[in-house]
Amino acid sequence: MRSSISIFWRRKDSYYKVLLTRCKRCGRASFFARDVCPYCGSSDVSIVKSSGRGRVVSYTVSYFRTDSNEEYLPLVIALVRLDEGVYVTGELRDVEPAEVREGMEVEAVLRRYSSDDPYGLIYYGLKFIPVIKRC
Amino acid sequence: MKLGMDAGIVGWGVYIPRKRIKVKEIAELWGFDTGLVSSLRIEEKSVADIDEDSVTMGWYAAKVAIDRGEVNPNEIGAIFFGTESKPYAVKPSATIVGDALGISRRKLSSDLEFACRAGGEGLRISVSLISSKAVKYSLAIGSDTAQANPGDVLELTASSGAAAFLIGPEREAIAVFEGAVTYVTDTPDFWRRDCSRYPSHGEIFTGEPAYFDHIVNSVNILLTDLGLKESDFKYAIFHQPNGKFPLQVGKLLGFPKEKVLPGLVTPMIGNTYNASALIGFARVLEQARAGDRILLVTFGSGAGSDAFSIVVKEGVEQVASRGPTVNELLERKVYVSYSSYAKSRRLIERSIGW
């Protein structure tokens, strides 16, 4: 399956970093980066980079196969509460499905998402792994 | 060459994939003599997962280096990515890592290739850039998912890992460079032709005229230039293609094994190519004390060697505590079978759309 190179390029900041919207009026943070606070509607917001660290709130294990994901299966998809108090979903790697626990500390790391074909573009983005060291 | 001691290490980071395969399992599968296996002195090797490559590993190591240095990524003016397993033949890895870490767009940025010593060359260039005040900080990364033809003796050692060093001004550094020498020749000990998936090598030829000759020469020139002798160094780290060569070359140069073993990581993770000596150096930094003098020696086939003399300053323990240590990464592991390793390293691939 071929992805859009131009769309990926325009959005690469959001693939490479966990970007949050911080509202200057109500003070709340939200995922993802946008121009308006989803809680109070204020457009007085700033885009901030999350530490990428948090804890697993819940998770599911997916065996659903597509033409491009067989080599990664099974996928562990986790709901993560970031240290900034914001909830995000993401793929959890470096852990067997049976070892995942609610409350597990995780951090976002750069990994391969997919590739168009053996000669195509490689798409990188963030996934979660169990935190290597809490610093 | 004596340096002005005005450039040093501000931060460093390492990444070792958590998967390990026992070398004994590979050897049994391909019918290697057990005597050969034990002579290599490598118990197990690290295996990059299927969604990892030199870019993702280099990204992690560089992120930790920046975190340790507590530096604003926007102030980094150069990034050098040393690898012989870049994901793209044409398209820089350094720019992917740079953008993903939020490093300034006004930067020098290059992928360097010189077999296993490109990471060391990045270090040497970075020191020069800082000394000349061309940039405020420079990032030197060595990262490889080392390739080996299945069944080749190289498969017993070729592994995956990354190391990154953030070089900056002396006043911010926890260790400074007092000297560096590079010694290179045209020596055909190891190569990978264009479009070839796996490297070829000259078997025993990789030792005497390549590894040993270049390292001995770079170290001897460095010692002469600086007026130092072996006893002036607390630690010595040599490039680590296997577990025995670093001890042998250390002995040749007069360094007892007690000075070499603290930085010898290959027996636990295999040969991470461009990260090999650099991971060993990071491990030594994490146990060094102010005033210690360290000898760091890289080697790359083709062939060349860089020898650095580095003096540790106050504050190294505090900076070390800001990130995962090499020992913590060595302990983070899970063993996999040859079939799992083969899938992770794409030795077997599923054809899509056929």
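Bear in mind that the values here come from a model prediction, so they are computed numbers and not experimental data. The sequence lines fix the lettering, A, B, ..., with proteins before strands; numbering per chain opens at 1.
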Got Q147(B) and E84(B) here, is their nearest side-chain heavy-atom distance under 4.5 Å?
yes

Please lay out, stage by stage, how F281(B) and F165(B) fare under the test ring pair (Phe, Tyr, Trp, His ring centres under 6.0 Å).
CA-CA 10 Å; F281(B) 177 42; F165(B) 288 85; 5.2 Å; yes

Determine, for E102(A) against R55(A), whether the closest basic-nitrogen to carboxylate-oxygen distance falls under 4.0 angstrom.
no

Would you please go through residues 75-97 of chain A and name the residues with a non-hydrogen atom below 4.5 Å from one of chain B, in numerical order?
R93(A), D94(A), V95(A), E96(A)

Find out whether R283(B) and P262(B) are in side-chain contact, i.e. whether some heavy atom of one side chain is under 4.5 Å from a heavy atom of the other.
no

Non-hydrogen atoms of chain A under 4.5 Å away: do they reach the side chain of D99(B), the backbone, both or neither?
both

Pick one of side chain, backbone, both or neither for K91(B), based on which atoms fall under 4.5 Å of a heavy atom in chain A.
side chain

A side-chain contact here means heavy atoms from C-beta on lying under 4.5 Å apart; do F32(A) and L19(A) qualify?
no

Under 3.5 Å side-chain donor-acceptor pair for S85(B) and D144(B)
yes

Mind running salt bridge (charged side-chain N to carboxylate O under 4.0 Å, His left out) on R346(B) and E71(A) for me, showing each step along the way?
CA-CA 10 Å; R346(B) 298 180 193 277; E71(A) 58 190 10; 3.1 Å; yes

